[in-house]
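What follows is a set of notes on a single structure, which appears directly below.
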Amino acid sequence: MHSHTNYRTVLINLNQVYNMTMTKNRHHNPSEETFELAAKILKQGDIVSFPTETVYGLGADARNSDAVAKIYEAKKRPQFNPLIVHLADADDAAQYVMMNVYSRKLAKAFWPGPFTMVLPLKEKSGLSDLVTAGLDTVAIRVPENQTAHELLTEFDGPIAAPSANKSGNVSPTTADHVESEFGPELTMIIDGGPCHKGIESTILQIDGGEITLLRPGNITAEQIEKVIKRDIEVQSSPKNNPTAPGQLKSHYAPKTKMRLNVTDPEPGEAFLAFGKYKTDKNSLNLSPSGDLVEAAKNLFSMMRTLDKLGLKNIAVAPIPLTGLGFAINDRLERAAAPRGET
Ligand code: TXA
Ligand code: MG
């Protein structure tokens, strides 16, 4: 009898130890209880990491400045960089921003999806000034990822979320990446598996009839122009004087130096190939078949893997400038830009 009790005690203790270590803040196969817990954490003013179809986000209640401040603190992000507000449904947007004929058409075409619109902020929107960084516009996105949607629905409010990486680092496309950026620093990471799109959402600013692509992404300029039946401006690669605050040129950067448009990597370099290249132990192929969608999905994850080799450079094969190729080249150029510009 006595030994039986001891046996049970040991089991319980082992279980406690297990819970205190790696699974403490990470929630696999999110269930209804996971979303209830996450919503509770958000309402208490804490941050939660969650997947979207593009990259993992670091979310906080967009109406709570104390909570949003925790995002900036965790990311070590410059204060002037405004955040994207995520909503459960396209219909919720009108509560926070003024929509016009263009934004309505685009919302109908691309929400939910990997598409963000920067729109004029409504008075009394209730959003924290820290989300907008004091601007009179705000970036809105309705993600299509099921886990993100369930979290937003359960929380029933706007979630401000940048990508879940330390400022300047490569965006995370798996829960492992988030964990390696923040370790146990986060109260909760919802593990919804790898992100299907792999690069951040397209950002389009709409200011009356002035329509500008601020960040290329999965939804291309051509797709946007087709919906609104007119041309849009494409913001030229932001330098150190960005139109979109915080669009620093050096961004998405691994520790290893990047060398672009390389067809013939040198010995001692890691190689990020595309199309018909034979890969070896220091190289990975974004898409052997030359598929840009597959390449976008693999981009950040493969950059991370090659970065870990600690070689002198990461050489990158040329990526064609068509369709999603613009977004991929944009991220690669930022990753290759001179460091220390923040
Ligand atoms: O795919 C995505 O968009 C991911 C997921 C988590 O939704 N989020 C993301 O957020 O990439 P972040 O914070 O890493 O990038 C947001 C970009 C920043 O470059 C910021 O400057 C710009 O959006 N932005 C936000 N609000 C803006 C505004 N009012 N005007 C101009 N740019 C804005
Ligand atoms: Mg980011």
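Computed from a prediction, not measured in an experiment: that's the story for all the values here. Both ligands and their constituent atoms are indexed starting at 1 by order of listing.
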Output the list of atoms in ligand 1 that are nearer than 4.0 Å to some heavy atom of [X], sorted by atom number.
{"X": "His86", "value": "5 (C), 6 (C), 7 (O)"}
{"X": "Ile84", "value": "3 (O), 8 (N), 9 (C), 10 (O), 16 (C)"}
{"X": "Leu135", "value": "28 (C), 29 (N), 30 (N)"}
{"X": "Gly57", "value": "6 (C)"}
{"X": "Asn81", "value": "18 (C), 20 (C), 21 (O)"}
{"X": "Ser163", "value": "8 (N), 9 (C), 10 (O), 12 (P), 14 (O)"}
{"X": "Leu214", "value": "31 (C), 32 (N)"}
{"X": "Ala139", "value": "25 (C), 26 (N)"}

Inset, instruction - Verify the cluster assignment for Leu286 and Val55: are they in a single hydrophobic cluster under the rule of side-chain heavy atoms below 4.5 Å apart? - result: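 In one cluster: yes.
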How many angstroms lie between atom [atom1] of [X] and atom [atom2] of [Y], to the nearest 0.5 angstrom?
{"X": "Gln205", "Y": "Gln235", "atom1": "CD", "atom2": "CD", "value": "8.5 Å"}
{"X": "Phe271", "Y": "Asn285", "atom1": "CZ", "atom2": "CG", "value": "8.5 Å"}
{"X": "Met98", "Y": "Asp136", "atom1": "CE", "atom2": "CG", "value": "8.5 Å"}

Legend entry - Residue portion contacting ligand 1 (non-hydrogen atoms closer than 4.0 Å) for Gln205: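 Near ligand 1, Gln205 shows nothing, with every heavy atom at 4.0 Å or more.
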Legend entry - Side chain, backbone, both or neither: Val118 near ligand 1, heavy atoms under 4.0 Å: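 For Val118, only side-chain atoms sit under 4.0 Å from ligand 1.
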Inset, instruction - Classify the side-chain pair Glu269/Asn313 by whether it contains a donor and acceptor separated by less than 3.5 Å. - result: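 Per modelled atom types, Glu269 and Asn313 side chains form a pair under 3.5 Å.
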Inset, instruction - Tell me yes or no: between the side chains of Asn100 and Ser103, is some donor less than 3.5 Å from an acceptor? - result: yes
Inset, instruction - Check if Lys197 has a non-hydrogen atom at a distance under 4.0 Å from any atom of ligand 1. - result: no
Legend entry - Contact check, Thr132 vs ligand 1, heavy-atom distance below 4.0 Å: no
Please check this pair: side chain of [X] against backbone of [Y], looking for a donor-acceptor N/O pair closer than 3.5 Å.
{"X": "Asp61", "Y": "Leu42", "value": "no"}
{"X": "Arg215", "Y": "Glu200", "value": "no"}
{"X": "Asn298", "Y": "Met302", "value": "no"}
{"X": "His28", "Y": "Asp191", "value": "no"}
{"X": "Asp46", "Y": "Ile41", "value": "no"}

[X] N/O to ligand 1 N/O under 3.5 Å:
{"X": "Thr116", "result": "no"}
{"X": "Arg215", "result": "yes"}
{"X": "Thr54", "result": "yes"}
{"X": "Glu200", "result": "no"}
{"X": "Tyr56", "result": "no"}

Inset, instruction - Could you tell me whether the Mg ion (ligand 2) has an N, O or S atom of Asn165 under 2.8 Å away? - result: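 It does not; every qualifying atom lies at 2.8 Å or beyond.
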